[in-house]
There are 2 protein chains.
Amino acid sequence: MISGKPIGRLSLYRRLLNGLMHEGVQSVYSHDLAARAGVTAAQVRRDIMNIGYSGNPNRGYDVRMLVESISNFLDDPDGQNVALVGVGNLGRAILAFFSGRRPKLSIVAAFDSDPEKFGRVIRGCRCYSIDQAPEVIRELNIKIATLCVPANVAQEIADLCIRAGVKGILNFAPVPLHVSGSVYVEDIDMTMSIEKVAYFARTN
Amino acid sequence: MISGKPIGRLSLYRRLLNGLMHEGVQSVYSHDLAARAGVTAAQVRRDIMNIGYSGNPNRGYDVRMLVESISNFLDDPDGQNVALVGVGNLGRAILAFFSGRRPKLSIVAAFDSDPEKFGRVIRGCRCYSIDQAPEVIRELNIKIATLCVPANVAQEIADLCIRAGVKGILNFAPVPLHVSGSVYVEDIDMTMSIEKVAYFARTN
DNA sequence: GTATATTCGTTACTGATTTCACAATATCAT
DNA sequence: ATGATATTGTGAAATCAGTAACGAATATAC
Ligand SMILES: NC(=O)c1ccc[n+]([C@@H]2O[C@H](COP(=O)([O-])OP(=O)(O)OC[C@H]3O[C@@H](n4cnc5c(N)ncnc54)[C@H](O)[C@@H]3O)[C@@H](O)[C@H]2O)c1
Ligand SMILES: NC(=O)c1ccc[n+]([C@@H]2O[C@H](COP(=O)([O-])OP(=O)(O)OC[C@H]3O[C@@H](n4cnc5c(N)ncnc54)[C@H](O)[C@@H]3O)[C@@H](O)[C@H]2O)c1
């Protein structure tokens, strides 16, 4: 009913609003938030309308309450556990970045095929053998997986995760994954992104 | 004249086609390429039409020639140099990944504010002080920057790069950058992406 | 208490992107 | 040659996302 891009913007708004809250700002206008987010004021209003929150004409939006509304909308009240597969260069960077950052969304297990890594705690996250993934994913009720494995195994790892109950995948491997419609895949394709930048840097 | 999303898809098609070429495949149908890319056949045909390449009814597209057409369209014939700013966890992962990968698009300089890193060669890429950036960027004719610096300095680093001649930025810092219309910015916002996945994993 | 100025909520519009549908075209078996 | 078949190229239609515009609502100034 509400589609991908608005969700992404709500996530961004929330992050910006948290920053404002930290600075002690109590209320914010749509055009102000819009400028910070790099979108139009109409879009901010529309997005906020879509989640059922209402601002106050002439006072704008209450920062704290808007954050709360967005959080109610985006977050699972009980929190969600995330798995990371492929503890290589990128995987470790991501573990470092996300470790202990979000209470509602935490990476609770990492998997790799390299025995060097089994049993170790890397950036605060326990690393298991990929063979244990089905079991651990089920036990920890993990529904979200971050794939940082080489491209040639990405599809099989995705299938494995999905069989174990995963419903959403953040895929860093530069190959499109083929999954059933009930599983959501978000691709972060850095190669594509940098080629896009290169193209527009040249032609713009 | 041709906008962001088609460019991204062309980059993806090319990568898939290179894979096919490597396997010795000589020609490919729109629906086959479409399935691999996760888009519709009509879209593949339209995208290819847009860059002026023509296939052969009943034989499909010649893989080698299509790659060449896409490359002619996307790449600068003389190649483009890229700078990476912020040689932290993520920056090092990216350097490792891209080093010596693409001839037409190579990361030729890295910058950081940490004196520990000055003068070192990290993953095959020389690291300079951020203070030298304006000079080095000009000298190496760098028009593309990859930002892997902390969020609180991202805007000032972007401004610095742009003053030195950068026209395209790949921004990993989780803050929208404010730049003039002649500079292209592509954001990779992992926090947003993972929250999106979490949302759809929950609600799909 | 009234006028004024500002902002929100929402509907209608606009423009871009994607898909559809089919004529045109190449190939192959006969 | 020719008919059967599968595919491309592309105008037209449909869908989708984003924008503009304006009535309703609230605060402020005087
Ligand atoms: N590093 C980057 O900046 C970058 C950029 C773009 C894309 N990527 C993509 O991200 C992925 C990871 O990149 P990286 O640089 O971290 O690579 P990496 O080689 O450093 O790490 C890959 C990790 O996956 C593990 N692995 C391999 N096969 C596995 C399996 N079957 N099951 C579980 N684990 C397995 C390896 O042991 C290794 O630890 C790759 O697909 C790469 O194309 C990375
Ligand atoms: N690591 C991840 O997986 C991840 C995920 C999402 C977003 N990000 C974002 O990417 C950026 C980098 O993340 P990271 O994990 O590599 O952080 P990091 O702290 O490991 O690295 C940051 C690097 O930037 C350098 N730096 C700081 N100020 C600088 C300046 N003024 N000029 C030049 N260099 C400067 C630091 O010395 C350090 O080397 C951050 O904005 C972070 O929010 C990272």
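Residue numbers start from 1 in every chain, and the chains themselves are labelled A, B, ... in the order their sequence lines are given, proteins ahead of strands.
Using a 4.5 Å heavy-atom cutoff, the side chains of B/Val67 and B/Arg64 are not in contact.
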After noting the C-alpha distance and the side-chain angles of A/Arg102 and A/Asp75, does the key distance pass the salt bridge (charged side-chain N to carboxylate O under 4.0 Å, His left out) rule? CA-CA 11 Å; A/Arg102 262 162 221 296; A/Asp75 295 341; over 6 Å; no

May I have the step-by-step check of side chain to side chain donor-acceptor pair (under 3.5 Å) for B/Ser27 and B/Arg59, ending in yes or no? CA-CA 7 Å; B/Ser27 64; B/Arg59 183 97 40 101; 6.0 Å; no

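An OP1 or OP2 oxygen of C/dT7 is reached within less than 4.0 angstrom by no side-chain nitrogen or oxygen of A/Ser30. Here A/Arg59 reaches the OP1 or OP2 of D/dA27: one of its side-chain N or O atoms lies under 4.0 Å away. Not one side-chain nitrogen or oxygen of B/Thr40 sits closer than 4.0 Å to the OP1 or OP2 atom of C/dT18. In this structure, B/Tyr61 does not reach the C/dA26 phosphate: none of its side-chain N or O atoms is under 4.0 Å from OP1 or OP2.
For the pair A/Asn56 CG and D/dA24 P, the computed distance is 18 Å after rounding to whole Å. When rounded to the nearest whole Å, the span between CD1 of B/Ile51 and P of D/dG9 equals 11 Å. Taking atom CG of A/Asn50 as the reference point, atom C1' of C/dG9 lies 11 Å away to the nearest angstrom. Protein atom CD1 of A/Ile48 is 12 Å distant from nucleotide atom P of C/dT10, rounded to whole Å. Taking atom CG of residue A/Asp47 and atom P of nucleotide D/dA17, one finds them 12 Å apart after rounding to whole Å. If you take CG of A/Asp62 and P of D/dA27, they are 13 Å apart, rounded to a whole angstrom. Rounded to an integer number of Å, the gap from CG of A/Asp32 to P of C/dC8 is 10 Å. As a whole-Å value, the separation of B/Gln43 CD from D/dG9 C1' is 15 Å.
The listed nucleotides are C/dT10, D/dA6, D/dT19; the one nearest the side chain of A/Met49 is C/dT10. Distances were taken from every side-chain heavy atom of B/Pro57 (C-beta onward) to each of C/dT19, C/dT27, D/dT7; the shortest belongs to D/dT7. Comparing C/dT27, D/dT8, C/dT18 against the side chain of B/Arg45 picks out D/dT8 as the nearest.
When each of B/Ala42 and B/His31 is assigned the nucleotide of DNA chain D with its nearest heavy atom, B/His31 is the one assigned upstream, toward the 5' end. Projected onto DNA chain C by closest heavy-atom contact, A/Tyr29 and B/Lys5 fall at different nucleotides, the more 5' of which corresponds to A/Tyr29. Nearer the 5' end of DNA chain C, as judged by each residue's closest nucleotide, is the contact made by A/Asn58, out of A/Gly55 and A/Asn58. Residue B/Ser54 is the one, among A/Pro6 and B/Ser54, whose nearest nucleotide of DNA chain D lies closer to the 5' end (criterion: closest heavy atom).
In this model, no donor atom of one side chain and acceptor atom of the other lie less than 3.5 Å apart for A/Tyr61 and A/Asn56.
Remark: of the listed residues A/Ile2, A/Asp76, A/Leu10, A/Ile2 is the sole one forming a side chain to side chain contact (heavy atoms under 4.5 Å, CB included) with B/Tyr199.
In this structure, A/Arg46 reaches the bases: a heavy-atom distance under 4.0 Å links it to at least one base atom across the strands shown.
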